[in-house]
Amino acid sequence: MSLLKKLFGGSGDPPKEPRVEDYNGYRIYPAPLKEQGGYRIAARIEKDIGGETRTHTLIRADVVAD
């Protein structure tokens, strides 16, 4: 049965939360996008300014294999 789970993605484990990187007060959440031939590098960048959370979405044009 575990072989079938591995083949069809039924691991039963919840998806892992992305590891948040903290850099000079900015919180960077990696969010790679699945593309044909690999992954497109993407992230959400947040910072609190004046009690308000500002958000920017970063999407690079290039695609990487892993």
Side-chain angles (χ1 to χ4, degrees):
M1 179 78 125
S2 74
L3 175 63
L4 293 176
K5 284 184 180 181
K6 288 179 184 178
L7 286 175
F8 297 107
S11 66
D13 297 330
K16 294 180 181 177
E17 289 293 318
R19 186 182 74 197
V20 179
E21 189 72 34
D22 189 23
Y23 179 77
N24 289 340
Y26 292 89
R27 292 179 304 278
I28 304 170
Y29 298 86
L33 301 171
K34 180 79 170 149
E35 294 283 337
Q36 184 177 0
Y39 289 90
R40 187 171 307 277
I41 297 171
R44 185 178 80 235
I45 303 168
E46 295 181 349
K47 184 172 184 171
D48 295 326
I49 299 174
E52 181 181 343
T53 301
R54 303 258 178 125
T55 304
H56 178 78
T57 303
L58 167 79
I59 301 175
R60 288 187 49 115
D62 52 338
V63 175
V64 296
D66 319 351

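- Applying the side chain to side chain donor-acceptor pair (under 3.5 Å) test to R54 and every residue at least two apart in sequence or in another chain returns nothing.
- For the atom pair T55 OG1 and Y29 OH, the distance stands at 8.5 Å (nearest 0.5 Å).
- Contacts of E46 classified as side chain to side chain donor-acceptor pair (under 3.5 Å), with partners at least two apart in sequence or in another chain: R27, R44.
- Partners of E35 under the side chain to side chain contact (heavy atoms under 4.5 Å, CB included) rule, at least two apart in sequence or in another chain, are L33, R40, V63.
- Considering only heavy atoms from C-beta on, V64 comes within 4.5 Å of I41 through its side chain.
- The minimum heavy-atom distance linking P30 with R19 is given by the pair CD-O, 3.2 Å.
- At a threshold of 4.5 Å between side-chain heavy atoms, the hydrophobic network of Ile, Leu, Val, Met, Phe, Trp and Tyr places L58 and Y26 in one connected group.
- Residue I28 holds its CD1 atom at 5.5 Å from CD1 of I45, rounded to the nearest 0.5 Å.
- Across every non-hydrogen atom of P32 and Y39, the tightest pair is CB-CD2, 4.2 Å.
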